[in-house]
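Just so you know, these numbers come straight off a predicted model, no measurement behind them. Chain letters run A, B, ... following the sequence lines, proteins first, then strands; residues in each count from 1.
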Amino acid sequence: MSEATLLAVFEDIDPAANAIEKLHELGVTDENINVISGVPVAHKMLGRPHPPTNVSRLSMGGAIAGFLFGLFLNFGTPHLYNVPVGGQFFTPIPPGMIILFEMTMLFALLATFLGVFLDSDFPNYQPMEYVAEVSDGKIAVFFRCAQQEALKITETLNKLGAESVRPAEARQL
Amino acid sequence: MTVDLNLVGAKGAIAEAAEGKWGMSIDQDICTGCQACVAACAMENNISFVGEEDAGYGRSQHWIRIERFWEGAYPEVKATPFQPMLCQQCGHAPCEPVCPVFATPHSEAEQLNLQVYNRCVGTRYCANNCPYQVRSFNWRDYHTIPERGNMVNGTLVFPLHNQFNPDVTVRRRGVMEKCTFCIQRIHKAQDKAKSEGREVEDGEFTTACAQACPANAITFGRVDHPESLVSQLTHQKRGEKHLEELNTLPRVTYLKEG
Amino acid sequence: MSQKISRRDFLKLATAGGATAAVLTGCGPASRYVTREPYVKMPEYTYNGLSTYYATTCRECAAGCGLIVRTMQGRAIKAEGNPANPVNLGKTCARGQATLQGLYNPDRVEAPVKQARQQALAAEAMNWDDATQLVADALNNTNPAEIAFLMGTASDHLFDLVTDLTNAIGAPAPVRFGALSMFESRATLSKAAEKSLGQAGLPYFDLGNADLVISFGANFLETWLSPVAYTRGFAKMRRGNSKKRGYMVHFESQMSQTAAKADEWIPLLPGTEGLVALALGRLVAEATGGSVARVFSTVDVREVSIQSGIPLEQLEHVASLIAEAQAPLAIPGGQALGQTNGLANAEAILALNALADNFGKPGGALLSPLAPNEDTYHRPANAREMKDFIAKLNSGSVKVLFVHGVNPIFELPKALGFADALAAVPTVISFATFPDETALASDYIFPDHHGLEAWGYQRSATGTMQSALSGAQPVVSPMYDTRSTADVLIEAARLAGGKLAEALPFTDEVAFIQSKIASLIGRTDGSFVAPEINSFTSYFQQHGGWWKTAAESAVLSAAGALNKNLNVNAAVFAGEGEFFFVPFVSPTLGEAGANKPWLQELPDPMTTVMWNTWVAINPETAHELNLENDDVVKVISEAGEVEAAVYLYPAIHPGVIAMPFGQGHTAYGRFAMARLLESRLVGLVPRAGEVGDPFPRGANPADVLGAYFNEAGDLAFAGMKVKIEKTGEKQYLSRLESRIGVYGEGLPQEGH
Amino acid sequence: MAVASKYLPGAKQAHDTHHEEEDHKQYLMFDPKPRGEMNAMVMESMHTTSWKFWVVFGILSVIVAVCFFYAWGYMIAEGLWVAGVMRPSYWGIFLVNTVFWIGISHAGTFISAILRVFKAEFRRPFTRAAELMTTFGLIQAGASIFMHMGRVWLSYWMFPLPNERQLWPNFHSPLMWDLLAITTYVLGSTMYLFLPLIPDLAMARDRSTGWRKTFYKILALGFRGTEGEWRHLITAMNFFAFAIIPVMFSVHTIVSWDFAMAMRPGWSSTVYGPYFVLGALHSGMGAVAVVLFIMRTTMKHMDYFIRKEHFDALGKLMLMVTFAYTYFFFNDYIVQWYGGDVATDNLLHWLEEGPMAWMFFQMVAFNIIIPPLLLWSKKIRQTPWLLALIGIMINVGMYWERYIIIPVTLSINRMPFTWKLFEPRMDVFLTIGTFSMFLLFYMLASRLIPLIPVWEVQEGQMAHSLRKVGKAHVPTLSDFE
């Protein structure tokens with residue numbers, strides 16, 4: 001069964017939300033729908049499920065790694081070669097707190113940043129389905145459906161206020 | 001005596017024994033301020049002179065300087081006793097922990113405050129944190145200022161460089177330096193004693209400043225040996241240490257009048 | 001993380017150029033391993049081979065301190081005192097420490113040159129053969145009476161050689177001079193000793209055994225006679241007696257470095273020192289209830305108090321100190337002698353010692369013993385003799401003048417006119433090591449070695465009661481194409497033949513020295529005994545000289561000093577100015593230290609000024625004259641004028657201004673001169689000229705001194721009155737001290 | 001109240017709703033424009049470059065080349081003697097600049113992170129302008145630290161990297177804490193600048209041609225605006241907003257510890273941490289006012305995005321920060337003043353009566369006395385040029401404050417024999433160099449980066465609406481999250 005990928009462009013959130021509801025009715029599951037927008041649109045508005053993200057987990061992982069690295073710097077490296085300095089503990093705890101904090105934060109921030117890259121598959125310069133109008137505030141819904149249902153869905157969406165519904169084609173952004 | 005710096009306890013407890021190892025006493029009552037120590041130090045330690053302008057702007061490189069203040073007004077005016085000020089080789093040195101690259105660590109063997117020129121990157125934090133203000137910085141390559149050399153067959157030669165003490169590093173620009181208690185002499189004496197299978201004797205060697213001092217106001221030796229001359233002088237009633245209240249554990253004792 | 005690797009590996013590593021900080025841990029079996037350690041140890045932990053040490057004599061002044069010079073690989077590294085030498089007992093002053101900066105000075109005369117009296121060092125090089133021939137011809141072809149030798153106070157062996165030479169050919173005896181001896185007033189001291197102690201010679205004051213020192217202007221901790229020896233004595237006086245701390249009172253119109261170490265500094269008007277001494281003597285005699293000796297009997301204490309400006313109570317207080325002291329000692333020196341009444345001052349002060357009955361006793365006034373190979377004390381020429389010498393030069397009766405070890409154009413007061421007198425001499429041959437003013441004004445410079453490259457000996461004139469001859473030997477081979485003046489003269493004499501060759505029948509300088517110390521062979525009262533000349537010479541070199549092991553002190557009688565009439569006339573001051581002018585020798589530079597950069601960079605002990613000259617003036621006086629620190633003033637006397645920056649010095653008599661001697665060279669190398677800089681961030685006097693042009697660094701106070709002498713013929717250097725004029729310019733004096741922290745500069749003044 | 005008012009005599013019975021809407025139109029959030037139009041405005045503002053821009057740009061480039069690169073190179077070759085540093089002021093203007101620029105950088109984080117966390121809506125149009133200040137300011141701060149070092153070519157010895165010297169840096173040293181904190185902050189703030197920039201870069205990508213297209217394409221990383229991408233981005237931005245705040249506080253606190261950890265009179269103070277942070281915000285807010293004024297007056301269409309309301313809000317922030325700063329300043333001062341320690345007494349005596357007293361009192365006037373007097377007035381707050389002027393004044397005052405804390409305070413120590421007044425020398429050129437470089441970077445950025453986060457503005461405009469409560473229309477903010 002061949003599939004078609006269609007892309008419907010809407011002026012506003014409401015018609016887009018309706019369209020998505022309609023699509024659900026027409027048997028297009030959430031897995032086969034994606035929405036592209038120029039501003040972040042809350043999933044509830046469109047009646048979409050909460051999109052999963054690993055970013056927070058990665059942040060946490062980064063924080064732990066950073067903490068461990070801080071531990072290594074402050075409590076490990078002095079043991080690699082011992083240099084005493086006046087009136088200080090060899091591996092002092094209060095200054096260690098600073099090292100631990102900074103390293104934890106640095107690694108957490110780096111991991112978060114990288115998390116965005118990993119989760120969003122950045123950077124990606126491959127041709128992708130996209131319409132430039134999205135950055136003008138339009139909302140694009142693109143979905144996969146069976147080839148034979150494409151026409152029907154197109155008509156339905158047009159009725160719901162889609163500015164255009166057309167087969168999505170991957171192009172160079 | 002080595003101190004386990006990993007001991008857990010009050011911060012003061014991990015400081016060295018207040019005594020130290022090598023120490024100095026300076027008798028201000030007989031110091032005549034003659035600058036022989038300053039010259040001797042410069043000659044021994046390859047200290048560069050900086051010229052009139054920089055010297056007047058606080059860039060002189062003296063490792064030891066002689067301070068003098070005034071009390072009263074004419075005719076009852078009095079110059080305060082000359083006070084040679086040099087690195088106090090603190091047991092609890094404020095300069096040491098602030099260096100990011102361990103360029104001024106503490107030597108456990110000598111219990112001295114080292115300055116490792118080749119590690120120094122020139123943040124100058126140590127000098128800021130030194131309450132005695134006895135560190136000097138190489139603001140430029142004073143030794144190789146072209147005006148100090150002669151052109152010989154197209155090459156610049158510096159006759160004054162012949163005088164360099166091979167035991168002491170010649171510092172380049174961007175490096176902090178300070179009195180080392182003539183650590184090169186300490187080492188020489190220690191190794192000589194070791195090869196002869198004995199301890200270094202009191203008075204066997206001394207620092208350049210103490211050696212030159214015509215008044216014998218400077219005495220150098222082991223402050224942890226009660227029978228040594230310096231230790232006996234140090235424990236006189238008129239002995240006083242500078243800024244002791246900062247808990248720096250200075251190793252130089254000043255003997256006052258009286 | 002240190003790891004042990006074998007020496008073989010280490011060598012591999014080292015050859016591979018690895019930047020490994022390696023430390024050899026001794027020479028025993030332990031050195032089979034080297035420990036690779038991080039960059040945390042100082043390079044000072046490493047070894048650089050063995051040093052060789054040579055004993056020699058310091059030539060920075062005439063005191064004859066023994067030196068041990070550390071050398072390595074043919075280079076002199078460090079000068080230290082010779083612990084065996086009785087003058088300095090292992091100690092040195094700052095100038096002695098910096099002697100290597102003379103040896104390796106970049107401004108030495110590197111080869112014989114035909115100078116032709118140019119202002120800069122001439123490029124016209126000569127070779128030594130021609131130079132020696134030239135000297136030979138000059139000696140040979142000139143009427144001996146028309147040959148003159150002008151020599152410095154060091155070194156003595158050359159003086160002996162020249163004396164032998166001149167004696168043989170019937171030429172006038174060499175004239176010796178030095179600015180230090182001028183400011184020390186050696187002739188006055190010697191004359192006073194003759195009159196009071198009964199014997200001519202240099203008195204020596206045994207500070208170490210005194211418990212009260214009354215010093216009249218004697219700056220014995222600075223440059224006076226033998227500062228290292230006197231500093232040692234001072235320390236012993238202060239702290240040597242565990243029961244009693246020695247006490248010191250110093251009379252001087254400005255607080256010199258020596259005065260600063262006194263427990264009481266009592267300012268007085270210059271020229272009244274002798275009167276004060278007499279007054280003290282009278283007060284002491286009265287206090288102790290004895291009869292007032294004749295010498296003190298005529299003085300009116302109240303009148304002295306008025307003339308000197310010292311309150312009567314203060315005089316009485318000092319007198320009571322003397323009366324209570326076990327071993328009081330009065331020392332004449334400095335500006336007390338540099339007055340028209342200097343000799344009377346000296347006698348009056350010595351009379352105080354006579355009163356304490358300390359002549360020839362420990363803690364008293366002693367007479368320095370003669371050096372081992374000395375028959376009589378040869379005192380350097382005093383200023384009046386120099387004036388006569390200059391007159392002789394001017395008269396045209398000198399055809400050839402040889403100058404060695406002295407720089408009279410700089411050192412003598414301009415008023416004596418030495419520079420002009422040189423013009424009357426057809427041939428001037430200088431043996432200067434450095435291109436100083438006199439050398440540049442000569443026809444030829446045949447450079448002598450630096451003192452550390454040279455042979456010689458120096459008699460210790462004072463500073464120890466052991467008769468001492470301090471030996472000098474080269475510690476390094478000569479840096480440049482220089483030649484020992486003694487060798488030049490010996491060779492020239494050989495070339496000249498005749499009487500000259502007979503007078504100096506030596507193969508070289510060393511042979512001459514050996515002939516002069518031969519009389520000491522076999523003596524058992526000295527530091528070593530040697531049976532014949534070769535071993536004696538090597539011991540002489542090794543020990544750094546020969547000295548008697550025991551102190552010797554002539555028996556002196558105080559009677560002559562007490563039972564005489566002494567008229568201390570009021571000092572006469574030349575000129576119309578409102579200020580007494582007191583020049584003093586810079587304690588750090590001395591007479592010839594200005595070309596040694598580290599001496600320049602040593603702060604003056606009292607003002608902490610570096611690299612320049614200042615005019616010390618009382619702040620109150622300055623305030624009245626609307627003068628501030630660093631204002632350039634013109635100091636004008638009837639003899640001349642100099643310009644220097646003002647230093648508001650809190651410890652100087654309001655009627656006195658003081659200036660250090662030592663700077664103001666118009667030649668003498670790059671460090672003695674200042675240079676116009678491209679950008680002056682610190683304001684200095686604006687000067688005309690190209691960038692890089694040299695100009696005098698500081699000023700020479702000798703330029704304002706007139707030709708006035710005291711009874712002994714010494715210069716009355718403190719006998720001038722001067723005016724000062726503000727020039728409106730500023731010269732920022734480089735000081736080590738903080739103007740803010742020490743003087744509160746920039747902060748609102750309290751109490752003003 | 002609204003209910004009662006209609007019974008009051010003279011009260012208008014019928015509301016002029018149209019007028020009311022006009023009233024609200026003065027606020028950006030109630031003056032929405034279609035997204036496409038806003039995009040076009042922003043794009044046009046980037047593309048419209050007058051010859052004046054290039055003249056200024058050229059001059060600044062020359063200044064940067066001479067005063068920054070040449071002067072620095074000369075100083076590296078010659079040694080630090082060409083600068084004013086000496087004993088006892090071993091630290092001089094370079095560290096003044098460092099602290100100053102780190103201070104400036106705090107504004108960006110404060111505005112974009114703290115205001116984001118607290119959902120202060122006026123922040124929306126100028127978060128990016130402020131964040132750019134953070135990044136560019138930190139670049140200058142970092143450069144100044146390296147200028148300060150005696151052997152800058154060995155600065156990598158401070159980095160915690162395994163090396164053949166077998167040594168790790170000394171983590172006891174406040175400078176190491178500083179290094180780590182500033183590194184964290186530079187990286188963090190740059191990432192935090194970049195994340196919200198991605199959608200705008202995608203927008204610019206969609207509207208550009210030629211080299212700009214390629215430029216934006218690379219930078220936009222292939223962002224399309226899918227639900228997932230937005231989700232990851234928003235999550236990350238929320239995390240950053242929270243995480244960067246403690247980092248920001250830690251950075252300036254640690255910078256202050258460089259001083260406070262030293263046992264020097266005037267420096268050793270426990271209040272230095274918050275005092276420095278507030279000082280940083282003080283100068284940062286002032287700098288934001290200046291930047292907004294310049295943006296608004298020199299760039300096309302910016303008067304739409306940056307309005308009086310923003311200056312007003314900024315002015316209120318400045319007022320608040322002034323008070324907080326005053327509190328900490330006084331807290332630091334009175335403790336030192338009251339303590340009576342000799343060294344501190346000497347220092348205060350020096351500061352208030354010494355040759356630099358003018359600077360001290362100017363600092364007090366510029367930072368503490370004058371700003372609150374002026375900022376009370378709504379009229380002044382809403383006059384952009386006046387606010388910018390106050391911003392400049394505060395920054396001069398804050399520069400003086402750092403100058404007093406570093407070289408002037410260093411003049412006084414426990415050894416009166418060494419006291420000496422610092423004289424700036426070639427460091428002045430390098431200071432001019434860093435300032436010029438900052439401006440140059442900003443000018444360059446204004447041509448390359450959308451200075452207005454359009455999507456954030458649109459998001460805000462979508463969230464804002466007028467709700468009728470009784471007779472009045474009151475602004476209402478929806479929370480989409």
Side-chain angles (χ1 to χ4, degrees), chain B residues 50-51 53-62 65-69 83 85 94-105 116-142 145 172-176 242-243 245-248, chain D residues 75-92 95 145 148-159 165 167-179 258-259 261-265 267 343 406 410-411 413-423 425:
Chain B
V50 301
E53 197 181 351
D54 274 7
Y57 187 54
R59 284 171 176 172
S60 56
Q61 302 272 69
H62 307 93
R65 63 167 185 266
I66 299 180
E67 301 191 343
R68 139 346 245 108
F69 294 90
Q83 176 175 292
M85 185 48 71
C95 55
E96 289 173 0
V98 297
C99 178
V101 292
F102 284 122
T104 177
V116 189
Y117 314 115
N118 44 4
R119 275 203 65 74
C120 178
V121 296
T123 66
R124 309 194 286 292
Y125 200 161
C126 52
N128 265 350
N129 213 16
C130 172
Y132 305 96
Q133 292 290 308
V134 288
R135 289 172 159 265
S136 55
F137 190 70
N138 287 274
W139 301 105
R140 68 186 290 195
D141 283 325
Y142 287 107
I145 294 176
R172 70 179 304 182
R173 69 180 187 278
V175 172
M176 191 58 74
H242 268 288
L243 300 178
E245 66 274 18
L246 298 177
N247 191 26
T248 51
Chain D
M75 195 170 80
I76 291 172
E78 272 290 317
L80 281 168
W81 75 291
V82 295
V85 270
M86 44 65 169
R87 178 176 62 234
S89 293
Y90 289 96
W91 288 359
L95 288 188
I145 292 180
H148 156 87
M149 287 173 69
R151 297 207 290 176
V152 63
W153 53 94
L154 297 176
S155 48
Y156 68 93
W157 285 3
M158 300 193 0
F159 304 147
R165 304 179 307 280
L167 261 187
W168 290 78
N170 177 8
F171 293 105
H172 301 86
S173 168
L175 292 181
M176 272 322 292
W177 314 341
D178 223 3
L179 184 91
D258 287 348
F259 309 108
M261 294 289 157
M263 29 173 25
R264 286 193 76 112
W267 277 12
I406 302 171
L410 280 178
S411 300
N413 50 44
R414 289 189 174 86
M415 288 280 132
F417 198 76
T418 63
W419 294 356
K420 204 154 254 159
L421 181 61
F422 177 87
E423 294 166 12
R425 295 185 178 183

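Ranked by heavy-atom pairs shorter than 4.5 Å toward chain B, the options D:Pro88, D:Ala83, D:Pro265, D:Gly84 are led by D:Gly84. In terms of non-hydrogen atom pairs under 4.5 Å with chain D, the most contact-rich of B:Phe69, B:Tyr142, B:Tyr132 is B:Phe69. Taking D:Arg414, D:His172, D:Met86 one by one and counting their heavy-atom pairs under 4.5 Å with chain B, the maximum is reached by D:Met86. In terms of non-hydrogen atom pairs under 4.5 Å with chain B, the most contact-rich of D:Glu78, D:His148, D:Met261 is D:His148. By number of non-hydrogen pairs under 4.5 angstrom with chain D, the leading residue of B:Asn128, B:Val98, B:Asn129, B:Thr123 is B:Asn128. Your options are D:Ile76, D:Leu179, D:Leu95, D:Asp178, and the one with the most heavy-atom pairs under 4.5 Å with chain B is D:Ile76. The choice from B:Cys120, B:Ser136, B:Cys130 that makes the most heavy-atom pairs within less than 4.5 Å of chain D is B:Cys120.
Side chains of B:His242 and B:Gln83: a donor on one and an acceptor on the other come within 3.5 Å. At a cut-off of 3.5 Å, with distance as the only test, no side-chain donor of B:Arg65 or D:Thr418 sits close to an acceptor on the other residue. For the residue pair B:Arg135 and B:Thr104, a side-chain donor N or O sits within less than 3.5 Å of a side-chain acceptor on the partner.
Scanning for ring-ring contact (aromatic ring centres under 6.0 Å, His included) contacts around B:Trp139 gives B:Phe137, with sequence neighbours left out. Every residue two or more places apart in sequence or in another chain that forms a salt bridge (Lys or Arg N to Asp or Glu O under 4.0 Å) with B:Arg59 is listed here: B:Asp54.
Both the backbone and the side chain of B:Leu246 have a heavy atom closer than 4.5 Å to some heavy atom of chain D. Proximity to chain B is absent for every atom of D:Ala343, based on heavy atoms less than 4.5 angstrom apart. Both the backbone and the side chain of D:Pro416 come within less than 4.5 Å of a heavy atom in chain B. Of the two parts of D:Phe159, neither the backbone nor the side chain holds a non-hydrogen atom closer than 4.5 Å to a non-hydrogen atom of chain B. Residue contact with chain B, scored on non-hydrogen atoms closer than 4.5 Å, is absent for D:Ile145. Contacts of B:Ile145 with chain D are absent, with no heavy-atom separation under 4.5 Å from either backbone or side chain. Using a 4.5 Å cut-off between heavy atoms, D:Leu154 touches chain B through backbone and side chain atoms alike.
Taking the six-membered ring wherever Trp is involved, the centroid distance between the rings of B:Phe102 and D:Trp168 does not fall below 6.0 Å.
Two residues are said to be in side-chain contact when any heavy atoms from C-beta on lie closer than 4.5 Å; B:Thr248 and B:Pro131 meet this criterion.
Note that CG of D:Leu80 and CZ of B:Arg140 are 12.0 Å apart. Values are rounded to the nearest 0.5 Å. Summarising the geometry, atom CE belonging to D:Met263 is positioned 13.0 Å from atom CG belonging to D:Asn413; distances are rounded to the nearest 0.5 Å.
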